[in-house]
J.: 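Handing you a structure now.
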Amino acid sequence: MGIFTSSTTAIPEALEIPRHVAVIMDGNGRWAKQRFLPRVAGHKVGVENVRSMIKHSVNIGVKYLTLFAFSSENWRRPAEEVSFLMGLFMEALKKEVAKLHKSNVRFVMIGDRTKFSEALCYEIASAELLTKSNTGLTLTIAANYGGRWDLLQAMNAMQKANPSLLGNYNEEHLSPYLSMSFSPEPDLFIRTGGEKRISNFLLWQLAYSELYFTDTLWPDFDDEAFKLAIQSYQQRERRFGRTSEQLVAT
Ligand code: IPE
Ligand code: IPE
Ligand code: MG
């Protein structure tokens, strides 16, 4: 098993402040459309909003913040939008990494890097290397990430490492190879932009996460909106399969 409790093999601690928040930052395009701006203008403002989300997470004591920036299906978008998004990612890395490092943030990227340019791979790897020993917030950016890709690459790696166990694998064998093996499972999942779906985000890891959906578009998702999400999380009863009575007893 990894360093963290799996919600299905043991009962995790239900904490007042979520230890891990995972976010689908959706609604940039519609935000721009409402203002008669091109979609990419929404992405630009969206990146700025990431900065305030990081600050607020640090302030309230969230330890892991995972942001879905680009899905494995987002390549289906118009080529100009895809290349704008790649450029924006590159620019943000160059501009922000020194500041993140100064704030003791550990930066990690999850997703399939093989489709990225050499220059982008280099920026990502340098950012990870620079910040790898930081002990504050762990900021994970999911880029060219897909939950199915994650499961498949983990299964293949697990099988390669333990060929003799074929047919007898369990969670303990798989978990070290999942992209987020360095992190506890998300306590709170937030999706902005009104859609009620997972869109191939963390399929394995969201097994027992509390789900929060809001119509607020990502560029408008401010500290106040984040507070509402945390408040909603705090009202949930996290039973992990047990009964309410059992919870009261513990
Ligand atoms: C989310 O905003 C950002 C990415 C997927 C990169 P969208 O671009 O999906 O915005 P909408 O959903 O079209 O409004
Ligand atoms: C999910 O948003 C991916 C990211 C926010 C990066 P999408 O806008 O791609 O999701 P769908 O297509 O509406 O499901
Ligand atoms: Mg969208």
Side-chain angles (χ1 to χ4, degrees), residues 20-54 56-57 64-96 107-117 120 123-124 127 138-153 179-180 183 186 188-206 209 211-222 225-226 229:
H20 181 179
V21 178
V23 187
I24 297 187
M25 310 181 288
D26 196 20
N28 292 347
R30 280 163 285 164
W31 183 92
K33 200 172 170 192
Q34 281 176 356
R35 286 160 182 77
F36 306 100
L37 295 168
R39 290 179 55 81
V40 294
H43 295 318
K44 254 193 130 131
V45 183
V47 170
E48 280 159 33
N49 200 37
V50 167
R51 214 175 297 134
S52 42
M53 183 81 180
I54 294 170
H56 196 59
S57 299
Y64 296 82
L65 177 65
T66 302
L67 304 175
F68 205 6
F70 192 88
S71 78
S72 45
E73 289 68 56
N74 285 145
W75 297 103
R76 295 168 178 167
R77 292 189 178 198
E80 313 82 72
E81 182 169 340
V82 169
S83 83
F84 185 89
L85 285 166
M86 291 298 149
L88 210 55
F89 188 20
M90 183 85 172
E91 197 185 301
L93 278 171
K94 282 190 172 158
K95 236 171 88 185
E96 303 294 331
F107 171 87
V108 184
M109 193 229 116
I110 57 167
D112 181 359
R113 300 176 194 208
T114 56
K115 266 193 163 182
F116 292 159
S117 72
L120 183 54
E123 287 301 326
I124 294 166
T138 297
L139 170 68
T140 305
I141 300 294
N144 193 18
Y145 179 87
R148 291 189 179 181
W149 165 83
D150 194 2
L151 281 167
L152 284 169
Q153 66 79 25
S179 303
M180 295 223 71
S183 148
L188 173 61
F189 160 93
I190 298 172
R191 181 172 188 144
T192 66
E195 311 298 350
K196 274 123 196 125
R197 52 178 172 253
I198 304 289
S199 298
N200 200 14
F201 195 25
L202 304 161
L203 297 179
W204 177 277
Q205 297 84 349
L206 291 173
S209 306
L211 308 181
Y212 181 83
F213 297 93
T214 172
D215 289 337
T216 305
L217 304 173
W218 173 250
D220 294 326
F221 190 81
D222 57 11
F226 191 19

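Whatever order the structure lists ligands and atoms in, that order sets their numbers, starting from 1. Computed over heavy atoms, backbone and side chain alike; hydrogens, waters and symmetry mates excluded. The shown structure was predicted, so the numbers you read here are calculated from the model rather than taken from an experiment.
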J.: Quick check: does Asp26 put an N/O/S atom under 2.8 Å from the Mg ion (ligand 3)?
T.: yes
J.: State which residues pass salt bridge (Lys or Arg N to Asp or Glu O under 4.0 Å) with Arg30; sequence neighbours excluded, sorted by chain then number.
T.: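 Result, salt bridge (Lys or Arg N to Asp or Glu O under 4.0 Å) vs Arg30: Asp26, Glu195.
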J.: With backbone taken as N, CA, C and O and side chain as the heavy atoms from C-beta onward, which portion of Arg191 lies under 4.0 Å from ligand 2: side chain, backbone, both, or neither?
T.: side chain
J.: Could you verify whether a donor N or O on one side chain and an acceptor N or O on the other, from Ser199 and Arg191, lie under 3.5 Å apart?
T.: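 On atom types as modelled, these side chains qualify, holding a pair under 3.5 Å.
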J.: Does any N or O in the side chain of Asn200 come within less than 3.5 Å of the main-chain N or O of Gly147, such that one atom is a donor and the other an acceptor?
T.: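 Present.
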J.: What is the ring orientation for Phe226 with Phe221, classed by angle as parallel under 30°, tilted 30 to 60°, or perpendicular over 60°?
T.: tilted
J.: Within the 4.0 Å heavy-atom shell around Arg197, which atoms of ligand 2 are there?
T.: 11 (P), 13 (O), 14 (O)
J.: Distance under 4.0 Å, heavy atoms only, partner ligand 1: which residues pass?
T.: Met25, Asp26, Gly27, Asn28, Gly29, Arg30, Arg39, His43, Ala69, Asn74, Arg77, Leu85
J.: Under a 3.5 Å distance rule, please check whether Lys196 uses its side chain to pair with a backbone N or O of Gly194 as donor and acceptor.
T.: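 Such a contact is found between Lys196 side chain and Gly194 backbone.
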J.: Go through the steps to decide whether Leu202 and Phe189 satisfy the test side-chain contact (heavy atoms from CB on, under 4.5 Å), and finish with yes or no.
T.: CA-CA 10 Å; Leu202 304 161; Phe189 160 93; over 6 Å; no
J.: Where do Ile124 and Phe116 land on the side-chain contact (heavy atoms from CB on, under 4.5 Å) test, with the steps shown first?
T.: CA-CA 10 Å; Ile124 294 166; Phe116 292 159; 3.8 Å; yes
